[in-house]
Amino acid sequence: KQFGITVAGLNFDTMIAAYILNPGGRQYGIDALALERLAFEKISTSELIGTGKTAIEFPAVPLEKLGIYASEDADITWRLHAGLEKALIKEKLKKVFDTLEIDLIPCLIEMELRGITLDTAYLKKLEKEIDADIASIQKKIWKCCGKEFNISSTKQLQTILFTDLQISTQGLSKTKTGISTGADELAKLKGRHEIIDYITEYRELTKLASTYVRTLPELVSPVSGRLHTNFNQTIAATGRLSSTDPNLQNIPIKTELGRKIRRAFIPKKGCELLSIDYSQLELRIAAHIADDPAMKKAFKNSEDIHTATAALINHVAIDKVTTDMRRQAKTINFGILYGQGPHGLAQTAEISYEAARNFIDEYFAAYKNIKKYVDETIISAQKKGYVETLFGRKRYIPEINATNAMVRKAAERMAVNTPIQGTEADMIKKAMIQVHELIEAEYKGKISMLLQVHDELLFEVEPALIKEVTPKIKKIMENTITLSVPIIADAKHGLDWETMKPV
């Protein structure tokens with residue numbers, strides 16, 4: 001595409017086919033598939049050109065050797081295609097493969113080539129601010145324990161927390177090097193000493209600084225002057241797209257610093273950014289799949305689902321719901337979808353185990369069909385060995401019948417969550433395909449789809465077109481599938497990814 005050549009007639013991909021058939025696998029490359037499906041060991045690239053410093057370029061390989069390698073590639077691809085296509089048809093996965101994955105490729109090509117503009121001058125300024133904040137928190141941490149030490153050293157941190165400060169290690173996991181100081185374990189220590197909050201904040205700042213603030217400007221292409229991510233179709237077992245080199249899907253939006261980083265993503269000159277994202281899509285899908293009357297009623301009445309849930313489980317009127325009640329209800333709404341039990345909920349909602357257990361009981365009393373969905377999905381997965389999305393995408397979960405309780409429980413959580421999260425992923429893929437077709441047909445060169453982040457699509461648009469194109473994209477996104485509750489997509493626009501106003 002970069003040389004002006006558009007490949008036509010693309011209708012099969014061995015890597016994607018193997019992934020659709022076994023989304024929990026690890027290797028979908030041609031060498032691994034040749035060995036696994038054809039019992040054929042291909043000439044590897046390292047055999048051909050060597051490795052490391054002694055590696056040669058492809059043109060330096062003798063033509064005869066290169067010819068055999070290339071012919072083998074073509075032959076094996078064709079042979080794999082025959083077997084994989086039969087398997088897709090047999091497993092009733094051909095439609096998912098054709099209409100959600102293969103049809104998405106032209107859209108992803110455009111997005112990867114387009115990239116996004118980064119305000120590098122702004123990030124330089126932000127880096128100085130963060131460095132000052134890190135230095136300030138470092139001093140506070142040192143003051144708490146009366147000495148200087150390397151906060152990033154696990155060994156030194158263990159000594160400070162558990163030997164010098166004598167913080168209780170009750171309920172903490174152990175590693176080979178002693179008591180764990182991982183993020184989950186530190187969360188359990190919240191409230192036991194002020195140093196814990198400072199360490200958590202220090203870690204967040206240093207991680208975001210190294211992952212984004214310092215790194216992103218270095219990844220800007222000298223050719224396009226823009227940042228280009230890779231969208232991967234064969235990584236997440238639920239069907240979600242993932243973004244790598246750099247990962248632009250994991251920039252936190254709940255923290256102030258995360259929002260400041262989003263501020264660095266800007267449109268090209270003469271354009272604006274347009275963001276359209278689904279409103280509470282996972283919960284709407286859950287209400288539909290479980291056919292839960294109480295949850296469906298809340299969505300049909302355009303109620304805030306977290307406030308409605310808080311009112312039901314606390315037995316109060318909607319107008320009596322407090323901010324705390326809503327926050328806890330939001331945690332449980334999403335926690336249930338991810339198969340969270342009382343232990344996990346107690347941690348995330350910062351409440352006692354007993355309170356968490358009562359919350360879950362009240363939740364299932366209010367949303368009886370959600371409880372029924374959870375139980376029936378687990379039983380069905382145990383019998384079939386897989387779960388499905390509303391589009392027919394399958395995820396095989398053999399561990400659901402494991403004798404090890406921890407492995408089995410993790411598989412049960414996957415079984416409950418996948419039909420919901422997988423349907424969500426399928427919906428946004430279908431929307432992307434249709435929006436891409438709209439752009440190609442009516443707005444080529446005037447609108448570009450730049451990023452997909454879970455429930456959100458980000459575009460670069462000529463300002464004069466925003467009012468015209470927004471309802472068209474919203475209509476596509478809200479009609480990818482018909483649910484028994486309304487599907488809502490919200491639109492915002494602005495001159496950076498953070499400070500956006502509703503359209």
Side-chain angles (χ1 to χ4, degrees), residues 111 114-141 151-152 183 186-187 190 196-221 224-231 242-269 271-279 323 327 330 348 448-461 463 466 490-503:
M111 289 167 74
R114 185 73 53 195
I116 189 166
T117 304
L118 200 67
D119 188 339
T120 50
Y122 164 79
L123 281 177
K124 271 272 170 252
K125 192 168 147 257
L126 185 60
E127 186 179 353
K128 284 177 185 167
E129 281 178 33
I130 291 172
D131 285 345
D133 289 342
I134 289 170
S136 167
I137 291 168
Q138 186 171 254
K139 281 177 186 166
K140 287 176 184 173
I141 292 169
I151 303 160
S152 301
L186 278 196
K190 200 172 167 63
I196 302 301
D197 283 343
Y198 291 140
I199 290 166
T200 304
E201 197 179 345
Y202 175 86
R203 282 180 171 178
E204 189 208 339
L205 285 175
T206 51
K207 186 184 176 186
L208 290 179
S210 63
T211 310
Y212 300 110
V213 182
R214 292 191 190 100
T215 309
L216 291 181
E218 293 169 10
L219 300 174
V220 170
S221 161
S224 68
R226 283 161 74 101
L227 189 66
H228 301 264
T229 185
N230 295 290
F231 289 103
S242 74
S243 153
T244 49
D245 305 318
N247 180 353
L248 298 181
Q249 292 182 328
N250 273 13
I251 302 170
I253 52 169
K254 287 177 185 171
T255 65
E256 192 190 341
L257 179 54
R259 289 190 290 272
K260 281 182 177 177
I261 292 167
R262 282 168 76 98
R263 154 77 186 77
F265 292 85
I266 57 173
K268 69 180 181 185
K269 209 170 176 182
C271 282
E272 282 191 29
L273 292 180
L274 170 67
S275 161
I276 307 184
D277 72 311
Y278 286 113
S279 165
T323 310
R327 181 181 57 80
K330 186 176 179 179
T348 48
S448 304
M449 200 186 312
L450 305 181
L451 293 177
Q452 181 269 345
V453 182
H454 309 316
D455 290 347
E456 176 186 14
L457 293 179
L458 189 69
F459 303 87
E460 194 168 60
V461 186
I466 283 178
D490 299 318
K492 294 177 291 184
H493 69 111
L495 293 173
D496 66 71
W497 197 9
E498 171 51 23
T499 56
M500 292 178 137
K501 294 189 175 85
V503 176

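Residues take their numbers from the sequence shown, with the count starting at 1. Because the structure is predicted, anything quoted here is derived from the model rather than measured.
For the residue pair Ser448/Glu460, the side-chain donor-acceptor check at 3.5 Å is not satisfied. A side-chain N or O of Arg226 and one of Thr117 form a donor-acceptor pair less than 3.5 Å apart.
Not counting sequence neighbours, the partners of Thr120 by the side chain to side chain contact (heavy atoms under 4.5 Å, CB included) test are Leu118, Pro217, Val220.
Residue pairs satisfying the side chain to side chain donor-acceptor pair (under 3.5 Å) criterion with at least one member in residues 202-211, sequence neighbours excluded, are listed as follows: Glu204-Thr255.
Leu205 and Leu257 make their closest contact through CD2-CD2, 3.3 Å (heavy atoms, listed as atom of the first residue, atom of the second, distance). Across every non-hydrogen atom of Tyr198 and Ile141, the tightest pair is CB-CG1, 3.5 Å. Residues Ile116 and Ile266 come closest through the heavy atom pair CG1-O, 4.1 Å.
Remark: Arg114 CZ is loosely packed, at most 12 non-hydrogen atoms of other residues, nucleotides or ligands lying under 6.0 Å away.
Counting only heavy atoms from C-beta outward, the side chains of Leu457 and Tyr278 never approach each other to under 4.5 Å. By the 4.5 Å heavy-atom criterion applied to side chains, Ile251 and Phe265 are counted as neighbours. Side-chain contact between Leu450 and Met111 is absent, with no heavy-atom pair separated by less than 4.5 Å.
A donor-acceptor distance shorter than 3.5 angstrom exists from the side chain of Ser243 to the backbone of Pro246, with no hydrogens or angles considered.
Using a 4.0 Å cut-off between charged side-chain N and carboxylate O, Asp496 and Arg262 make no salt bridge. A salt bridge links Glu129 with Lys260: the closest approach of a Lys/Arg side-chain nitrogen to an acidic carboxylate oxygen falls below 4.0 angstrom. The pair Arg259-Glu256 fails the salt-bridge criterion, with no side-chain N (NZ, NE, NH1 or NH2) lying under 4.0 Å from an Asp/Glu carboxylate O.
The only option from Ile130, Leu126, Ile261 that meets the side-chain contact (heavy atoms from CB on, under 4.5 Å) definition with Leu208 turns out to be Ile261.
The OG1 atom of Thr499 sits 10.5 Å away from the NZ atom of Lys492 when rounded to the nearest 0.5 Å.
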